[in-house]
**Q** 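What follows is a structure written as structure tokens; I'll ask about it next.
Just so you know, these numbers come straight off a predicted model, no measurement behind them. In what follows, chains carry the letters A, B, and so on, assigned in the order in which the sequence lines appear, proteins first and then strands, with residues in each chain numbered from 1.
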Amino acid sequence: MKAVTTIKPQLAARRKSRFWGTFFQQKYLYLMSLPFVLWVFVFNYLPLWGWTMAFQKFKPKDSFLDQEWVGLKYFKELFHDDSFFQALRNTLAMSVMGLVAGFIIPIVFAILLNEVRIGFLKRFVQTISYLPHFVSWVVAAGIVTKMLSTDNGAVNDLLVGLHIIHEPIQFAAKGNLFWSIVTASDIWKETGWNTIIYLAAIAGIGPELYEAARVDGASRSQQAWHITLPGIRSTIIVLVIISIGHLISIGFEKQFLLGNNLVRDYSQTLDLYALNYGLGMGRYSFGTAINIFNSVVSVILLFTANGIFKKITKESII
Amino acid sequence: MKARLFSSGTPWSDRFFDFTVYFVITLVTIITLYPFLNVLAISLNDSTDSVRGGITIFPRAFTFKNYETIFAFSGLITGLKISILRTVVGTILGLISASMLAFTLSRVDFQGRRFVSTFLALTMYVSGGLIPTYILIKDLHMMGTFAVYVLPGLVSAFNVFVIRSFIDGIPYALQESAKLDGANDFTIYWRVILPLTKPALATIALFLAVGQWNSWFDTYLYNGSKDYLTTLQFELMKVIQSTTTNADSFHGRNMTEVMAQISPESVKMAITIIVTVPILVVYPFLQNYFVKGMTLGAVKS
């Protein structure tokens, strides 16, 4: 209100004092957030500084200033390494397989589960199906290995018992089956958990739609196809786009635990490659270059996915 | 039951649909449960008898010997202690950090809100990666310490945002009236907000606890050679890896002796059960909470 007569420096000074005034008023809010901000800075942002390693001939004992800068040497090495392209292929293959199966199966299961009319049975099946999500990948890998083993593994027993195969398959030694094993393990572990979000979306569909369909003589399967599925369409689109953003960052946990030396050509993902070459062999700079490649591609994918999403829905997910 | 499912007027297509529904959910239930029951049965079966095969979901020669043998192995007791400790400490610290940050971010009048919020959100999209983090931990002299289990992952942006969206649903008038009564911001957080945020806190506590209990990679990476800092998951990982691959390099002599007494198979199954049981015990109680929390988090993020 006094702005008409106030000259600029005074205004700035007052704004400053207002800032500090509020700062002291909100001292508890600052005390409750700034220490954690500092924390995040150290553990989440400082590693980004470590990216400089990829452009240096990094020696852990030397200080930052004593390192020898080598430019893009390690990136060039990386793009001339066959293992890199193999790791990229494995990452994309398992990620796409996981994406396709990881969407279709939970959606189908959620729709079917929604049709269960007996309340306690529905809750029981849900409780059971969420369970594997909570066990670690170590446990899951142990169980999968046991189920697929040649001596008394359930899968081999079943297949032999049904006369589909004559003798047990050595799943753990078959490289060409590795991607499928990882995908199947993922489905076993996460299907139930992934239905939660779809079931929530289905619950939001208005009952009057189903009633109208019934009046028109639609069967239950027609209702599921023409009402339930379109009703969760937007949820599906959002989740698909988020997954595309994470296409390349599938990590290494499953591959590390389920893989072995026999299937290495199929099990080595980018992260596992960074782990084996970077830490395992002490080639920190080279490993960091892999990490950087991974992160940069991830961010590009994320923005691309978000761009597509914005076009479709006029909203941003980032 | 049949009468309820199929009244006489039900069309054939609906009967077929119902059949598909119940067939699929039965199949899923069996596929999910059978492996666990099978592992449990083998862990309770005499190890020499197990080698004959053919055990499904009931032990044939019932015994607790497998468990007795592995509990005599000191690594397992240490692992159990450390696993419990990291779960308790990690969950408490994680809850404190996430709820405090969430509270400050929910306050529209907080000056630092925008900065802190962006600063946190960015961590969900960019990370330094494995090797820079490893070097950082090394430079901070955290290798071979217990701290490495709970400190680096202390603040999780996702958890903060889940709790914040919950706090946003609490009427601000409550905070204002507390303020009129002379409460400062910390008292409001502690006395007003925390008690009302219990459902969200329970969800996050579950996520944190399960995450802590299940992690093995930090042990492998930072504390693999420290026997006194080993965790249960890491011990199980070693046993599984030693039988699938022939990597005997990082395998303690202690465990090999155990495996010689009873078969590696039985050791594996028994440890798997020990590692899984705590999760089985806690999680049905918290199911309602986490379903709510999961939907909340997914909608917001």
**Q** To the closest 0.5 Å, what do you measure between OG1 (A/Thr288) and CD1 (B/Ile131)?
**A** 5.0 Å

**Q** State, with a plain yes or no, whether a side-chain heavy atom of A/Lys122 is found less than 4.5 Å away from one of B/Ile25.
**A** no

**Q** Checking A/Leu48 against chain B: side chain, backbone, both or neither under 4.5 Å from a heavy atom?
**A** both

**Q** Any heavy-atom pair between the side chains of B/Phe217 and A/Leu275 that's under 4.5 Å?
**A** yes

**Q** With a 6.0 Å cut-off on the ring centroids, do A/Trp188 and B/Phe36 count as close?
**A** yes

**Q** So, the side chain of B/Asn214 versus the backbone of A/Phe134: is there a donor-acceptor pair under 3.5 Å, distance only?
**A** yes

**Q** CE of A/Met32 to OG of B/Ser99: how many Å apart, nearest 0.5 Å?
**A** 9.0 Å

**Q** Any idea how A/Phe256 and B/Trp216 line up, ring-wise: parallel (<30°), tilted (30 to 60°), or perpendicular (>60°)?
**A** tilted

**Q** What's the shortest heavy-atom distance between A/Ala154 and B/Tyr34, and which atoms?
**A** CB-CE2, 3.7 Å

**Q** Rounded to the nearest 0.5 Å, what's the gap from OG1 on B/Thr187 to OH on A/Tyr28? Could you check?
**A** 7.0 Å

**Q** Going through the distances and angles, do B/Phe17 and A/Trp225 end up as a ring-ring contact (aromatic ring centres under 6.0 Å, His included)?
**A** CA-CA 12 Å; B/Phe17 187 64; A/Trp225 181 255; over 10 Å; no

**Q** Select one option (side chain, backbone, both, neither) describing which atoms of B/Asp139 are under 4.5 Å from chain A's heavy atoms.
**A** neither

**Q** Check each atom of B/Leu130 against the heavy atoms of chain A and say whether the ones under 4.5 Å are side chain, backbone, both or neither.
**A** both

